Amino acid sequence: MDAASRITNGSTAAAEPAGWWLAMRARARAAPGALYLLLVMAVVLSLGTRGFLSVANLTNIGLQAAVLTIVALGMTLIILTEGIDLSLGPVLGLAGVVMGLLIVAGWWLPAALVAALGVGAAFGLVNGILISYVEMPPFVVTLGTFGLAQSLAMVLTEGNSITGLRTSIRWFNEGELLGVPVPIATTAILFALTYGLLYHTRFGRYVFAMGGNRRALLLAGVRVRAYQTGVYVFGGLLAAVAALIMTARMNAAHPTIAIGLEFDAIAAVVLGGTAFEKGKGGLTGTLVGALAVSVLRNGLNLIGLSTEWQVAVVGAVIILAIVLDSLRELT
Amino acid sequence: MARAATANWWPRALFAERFFLVTSRVAGLGLLGALLAALSPQFLTWTNLINVLRQGSLQFLMSAGLTLCILTAGIDLSVGAVLGLSACLAAALIAGGHLWSGMLAALAVGAACGLLNGAMVAYVRLPAFIATYGMLWIAHGLAYVFMKGQVIHGFPRGFRFIGAGFVGPIPAPILVALLVLAGLHGMLHYTPLGRAIYAIGGNPRAARLSGMPVQRHVTVVYALSGLLAAFAGLVVIARVNAADSGTGEDLLLPAIAAVVLGGTSLFGGHGGIAGTAIGSVILAVVVNGMNLLGVKTFWQAFVMGAIVILSVLADQLATGRVNRSG
């Protein structure tokens with residue numbers, strides 16, 4: 001359920017003022033930190049800057065948020081299983097590079113996309129097997145594959161951008177599906193897909209249970225390791241789809257394009273209220289979280305903060321928000 | 001206390017573990033050395049070997065603080081970034097003629113970053129990899145802001161000694177690394193803090209229940225990690241005689257590689273600083289070998305990533321942890 005709608009529903013549904021107030025307060029407490037961050041920034045930016053509330057800028061935020069949201073969807077499932085995937089940024093970069101090279105080599109676009117999906121799935125598979133079957137700590141496995149993916153992308157491109165892609169790929173950034181820009185439509189479709197997967201399938205129930213009570217699942221005879229590996233493969237596949245949109249937006253593939261994106265994705269997930277333990281959280285919060293992170297970056301651009309400052313400020317704001325969020329939980 | 005209770009089996013298990021760790025690493029190093037000596041005639045020259053050891057010393061200094069964090073079952077992903085930030089700060093001040101205040105400022109900034117990490121991990125209870133990953137981006141960002149894309153180079157001779165000087169035939173950084181190694185080894189094995197680090201990593205619950213100030217100890221460990229990263233930054237810029245905002249950017253993966261290669265367990269409580277020293281030398285030999293054999297530098301991150309994964313994999317298989325739960 002959407003956190004914002006939960007608040008408004010509460011205010012209309014409850015009859016008595018006292019009950020209304022209590023329900024509102026309870027819901028405000030339960031709402032993820034991302035919602036507050038988003039609200040505060042939206043108010044500040046619409047009052048403080050001229051360009052924020054324009055259609056062009058809001059569309060731009062949507063386009064920027066698309067890549068982040070898609071990666072964050074996979075990250076949500078991974079974090080729900082008490083895992084982490086630091087390699088998603090470089091894997092996105094490598095998938096984009098592979099796709100770009102194949103397109104330049106004259107491959108049919110869908111075939112190149114399948115190859116990129118293969119890259120994402122392969123890295124997810126390696127991560128998943130090492131984490132679930134060999135029981136290595138997720139952050140170290142994915143930091144290792146971070147190095148592998150980054151290095152392969154650099155080796156393949158010699159550190160350069162791949163340009164001269166066919167113009168047809170631009171459709172994935174500029175085109176429209178039923179009047180909606182393709183990146184936003186893709187994100188919506190993937191969100192719906194992931195939502196269905198997480199909340200309406202056995203796989204989804206196991207994802208929550210893996211973080212909540214892995215032992216119980218094992219004792220019930222569930223093939224936990226296979227499912228856990230599946231979660232990482234899913235994350236890798238989504239990163240590859242994000243690579244397609246990113247490549248279309250840049251009209252080029254670059255090996256280091258997505259370095260740091262994994263941090264934004266983790267931030268979106270955590271600000272969205274998904275915790276690192278006990279399988280607590282959900283997908284809608286991640287959507288709000290991804291929007292909050294994108295609005296933050298957009299806002300810093302609007303107030304004309306130099307890119308040097310942005311890295312530090314985004315890092316500090318996100319960490320501060322995470323700290324406040326967990327302090328709220330502790331009290 | 002925990003040790004006394006399990007005195008019957010612990011020392012022998014510990015001895016076997018240590019013996020396996022040391023012999024396997026030394027044997028690996030020997031094999032690697034023999035292989036390189038066969039493949040490249042330059043490998044076994046005095047200048048090259050001294051160069052490898054100097055590189056290994058720098059690597060050790062970068063991995064030393066991280067080892068302490070990992071021993072407490074934590075991690076400090078911000079080592080490279082904190083190293084870079086404090087190196088930039090020191091470079092600006094030292095090139096401006098403020099030698100001592102520059103070094104002090106760098107160490108203070110490193111310790112402050114570490115202190116923040118420690119507070120977030122110990123008191124706010126954030127997972128260590130999240131808190132320190134955030135710090136990574138903050139420190140990188142601040143380094144960018146501070147340097148604005150410029151490179152600072154040319155430091156006074158006296159300062160460059162710790163990185164590029166010689167004592168007789170021995171490069172100064174090797175001696176610096178040996179001093180740090182001795183200090184940390186002593187700290188880990190002969191002080192209350194050292195015992196606390198092993199206890200917290202081995203069994204945090206038992207450590208807390210036995211009345212140990214776990215939160216304070218953990219904070220101190222992360223502060224030490226930041227301080228040591230800053231110190232490594234000083235030695236690095238003294239060695240290369242330059243600093244820019246990219247300093248430290250690619251150092252995280254090698255830093256972790258040296259620790260896990262040295263046999264310190266990511267689950268905490270097992271391993272030690274001496275292992276990291278051996279791991280650092282092995283890593284330096286690998287990089288040196290790649291350079292001698294003309295492998296492109298783009299492959300280095302691949303090799304580092306593979307080393308990290310394979311070391312932890314070997315550790316998992318050797319300790320039989322894989323079969324522990326169904």
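For the numbers below, each heavy atom of this structure counts, side chains included, while hydrogens, waters and symmetry mates do not. Protein chains get the first letters and strands the later ones, always in sequence-line order, with residue 1 at the start of each. All of these numbers come straight from a predicted model, not from anything done at the bench.
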## Note on the structure
From the list Ala306(B), Ala131(B), Ala301(B), the residue making the most non-hydrogen contacts under 4.5 Å with chain A is Ala301(B)
### Query
Can you tell me how far CE of Met304(B) sits from CZ of Phe146(A), rounded to the nearest 0.5 angstrom?
14.5 Å
### Query
Tell me, side chain or backbone of Leu136(B) under 4.5 Å from chain A's heavy atoms, or both, or neither?
neither
### Atom group of Ile130(B) that falls short of 4.5 Å from chain A, counting heavy atoms
both
### Message
Please classify the contact of Ile266(A) with chain B as side chain, backbone, both or neither, using a heavy-atom distance under 4.5 Å.
### Response
side chain
### Task
Using a 4.5 Å cut-off on heavy atoms from C-beta on, say whether the side chain of Leu252(B) contacts that of Leu143(A).
yes
### Task
Hey, could you give me the CD/CZ distance between Gln150(A) and Phe298(B), rounded to the nearest 0.5 Å?
10.0 Å
### Query
Which value, rounded to the nearest 0.5 Å, describes the distance between Leu152(A) atom CG and Trp299(B) atom CH2?
5.5 Å
### Query
Just wondering, do Leu313(B) and Met136(A) contact through their side chains at under 4.5 Å, heavy atoms?
yes
### Message
Can you tell me which portion of Met120(B) sits under 4.5 Å from chain A's heavy atoms? Options are side chain, backbone, both or neither.
### Response
side chain
### Query
Where does Val141(A) contact chain B at under 4.5 Å (heavy atoms): side chain, backbone, both or neither?
backbone
### Query
Non-hydrogen atoms of chain A under 4.5 Å away: do they reach the side chain of Leu142(B), the backbone, both or neither?
both
#### Entry: Among the listed options Ile307(B), Ile75(B), Ile256(B), the residue most often paired with chain A at heavy-atom distances under 4.5 Å
Ile75(B)
### Query
By a 4.5 Å heavy-atom criterion (distance strictly below it), what part of Ile84(A) contacts chain B: side chain, backbone, both, or neither?
side chain
### Query
When Ile309(B) is tested against each of Asn127(A), Val134(A), Leu130(A) for side chain to side chain contact (heavy atoms under 4.5 Å, CB included), which residue passes?
Leu130(A)
### Task
If the plane angle is over 60° it's perpendicular, under 30° parallel, otherwise tilted; pick one for Tyr133(B) and Phe263(A).
perpendicular
#### Entry: Interface moiety of Ile138(B) toward chain A, non-hydrogen atoms closer than 4.5 Å
both
### Query
Under a 4.5 Å heavy-atom cut-off, does chain A meet the side chain of Leu77(B), its backbone, both or neither?
side chain
### Query
Relative to chain B, which segment of Glu158(A) carries a heavy atom at a distance below 4.5 Å: side chain, backbone, both, or neither?
both
### Glu135(A) to Gln316(B) - nearest heavy-atom pair and separation
O-NE2, 2.6 Å
